[in-house]
Amino acid sequence: MNSIKLKAHAKINLGLDVVRRREDGYHEVRMIMQTIGLYDKLTINRTNNNSIVINTNLHYLPTDENNLVYKAVSLIQREYHIEQGVYINLEKKIPVAAGMAGGSTDAATALYGMSRLFDLNLKKPELMKLGLRLGADVPYCIMRGTALSEGIGEILTPLPSFPACQVLIVKPGLSVSTKYVYENLKLDETTKHPDINGILTCIRTRDLYGAIGLFGNVLENVTIKEYPVIGEIKDKMTEWGAIGALMSGSGPTVFGLFDDIKKAEKAFYQFKVSELGKQVFLTDLYQPYY
Ligand code: ATP
């Protein structure tokens, strides 16, 4: 095999709580992760030299060792003594710096792709271990599906698949730094935490409406105060028919879940013509196969 084409899927958080700030500055989280149908396309080709060359449709993305795909390929080359180089085409569709783990899923997919392309036959647990060296969300992006993520994101428990529904993604035209959000999160007795255990129970009993009723993201305490448009998008999402709406990760992306495709399509067009969202996508939940 000289070339491999793969899809790198985005994630949303059905629940996100920060339990505590550790001595080393990392935050201990409890997040419910869900893979969605939105993806970047990654093509990896073997070349006749030893360099890693990345081409991408987003001119502002780094293509050197600062790109997570580059880091993933380089890690595999070092660990498995691969001297042959690769040429990678990365077609980005997942919004960047949006709370959807775009970079992490590209890295996860690059690890898997390299294993296939160079016949390394690495199993999921090995890939996940390597992935953790690239970022806390990378192991989840290798696992995919519905999962509980704890620790700094590396302790993963697979969950039964979340009931099927449409997902409307709206990203306002602003960038939110993950570092800023975590630094400004106050964890005291006034902080409103989501009921992660309650959501877990509903997922285990396949109670879609019960789970959605408990959805929450503790980081909204910081971002909605700073960027009210995130709150406005959430409100519009439910006004326009979503059964639940929440900010994903550290934002600013908001997702809405719909149990009616017609309502979802209508809301999609309403957001498209409104000033609220710069990037709008209608997709669904995605359950993995590898
Ligand atoms: P998370 O949900 O894990 O916080 P995110 O969606 O907020 O992730 P990313 O889209 O992964 O953030 O991008 C964060 C930064 O990583 C960007 O500033 C970008 O320059 C850099 N980056 C490096 N490689 C990639 C990549 N392959 N795709 C997107 N961003 C990348």
Side-chain angles (χ1 to χ4, degrees), residues 6-16 18 26-27 29 31-36 38-44 52-75 86 88-114 131-144 147 149 151-154 156 167 169-185 217-220 222-223 227 230 246-255 278-279 281:
L6 296 160
K7 293 174 181 171
H9 285 263
K11 64 89 180 154
I12 53 173
N13 295 103
L14 304 178
L16 193 160
V18 178
Y26 280 99
H27 287 84
V29 292
M31 307 189 284
I32 300 177
M33 319 288 276
Q34 174 63 56
T35 317
I36 59 168
L38 182 67
Y39 56 82
D40 293 339
K41 285 184 192 163
L42 202 75
T43 310
I44 315 177
I52 302 168
V53 178
I54 298 178
N55 175 56
T56 174
N57 58 323
L58 294 187
H59 64 89
Y60 55 85
L61 265 197
T63 52
D64 57 9
E65 60 281 356
N66 292 310
N67 194 303
L68 276 161
V69 170
Y70 191 109
K71 287 188 179 147
V73 170
S74 167
L75 179 61
V86 290
I88 294 174
N89 192 56
L90 172 61
E91 198 181 316
K92 290 288 301 179
K93 197 168 178 194
I94 304 170
V96 175
M100 304 187 77
S104 302
T105 193
D106 292 344
T109 307
L111 290 177
Y112 172 76
M114 286 295 287
L132 187 57
R133 290 164 61 179
L134 301 170
D137 280 347
V138 181
Y140 165 72
C141 292
I142 289 160
M143 175 190 250
R144 310 194 294 181
S149 162
I152 59 160
E154 83 291 13
L156 294 166
V167 186
I169 301 290
V170 178
K171 181 186 175 274
L174 57 97
S175 290
V176 177
S177 139
T178 303
K179 194 164 170 265
Y180 170 87
V181 176
Y182 276 93
E183 277 174 6
N184 285 277
L185 176 69
N217 181 341
V218 76
L219 302 177
E220 286 184 351
V222 181
T223 50
Y227 307 103
I230 296 171
L246 195 68
M247 184 181 81
S248 187
S250 53
T253 304
V254 172
F255 68 87
K278 187 146 186 275
Q279 287 170 285
F281 303 95

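Note that ligands are numbered from 1 as they come in the structure, with each ligand's atoms numbered from 1 the same way. FYI, the numbering just counts along the sequence from 1.
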With sequence neighbours left out, what residues match [X] under side-chain contact (heavy atoms from CB on, under 4.5 Å)?
X	result
Ala98	Pro95, Met100, Lys171, Thr253
Ser74	Ile52, Tyr70, Arg78
Tyr180	Ser177, Asn184, Val222, Glu226

Quiz item: Does Asp40 come within less than 4.0 Å of Lys93, counting only side-chain N to carboxylate O?
Solution: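 Salt bridge flag = no for Lys93 with Asp40.
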
Are any protein N/O atoms closer than 3.5 Å to the N/O atoms of ligand 1? If there are, list each pair with names and the distance to one decimal place.
residue	atom	partner	partner atom	Å
ligand 1	2 (O)	Met100	N	3.3
ligand 1	2 (O)	Ala101	N	2.8
ligand 1	3 (O)	Asp137	OD2	3.3
ligand 1	6 (O)	Ala98	N	3.3
ligand 1	6 (O)	Gly99	N	3.1
ligand 1	6 (O)	Met100	N	3.1
ligand 1	6 (O)	Ala101	N	3.3
ligand 1	7 (O)	Ala98	N	3.3
ligand 1	7 (O)	Gly99	N	3.1
ligand 1	10 (O)	Ala97	N	2.9
ligand 1	11 (O)	Gly103	N	2.7
ligand 1	12 (O)	Ala97	N	3.4
ligand 1	24 (N)	Asn67	OD1	3.4
ligand 1	24 (N)	Leu68	N	3.0
ligand 1	27 (N)	Asn67	OD1	3.0
ligand 1	27 (N)	Asp106	OD2	3.0
ligand 1	28 (N)	Lys92	NZ	3.0
ligand 1	28 (N)	Asp106	OD2	3.4

Self-check item: Residues Ser104 and Tyr140: side-chain donor-acceptor under 3.5 angstrom
Solution: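 No, no side-chain donor-acceptor pair sits under 3.5 Å.
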
Quiz item: When rounded to the nearest 0.5 angstrom, what is the spacing between CG in Asn13 and OG in Ser248?
Solution: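 It is 4.5 Å, given to the nearest 0.5 Å.
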
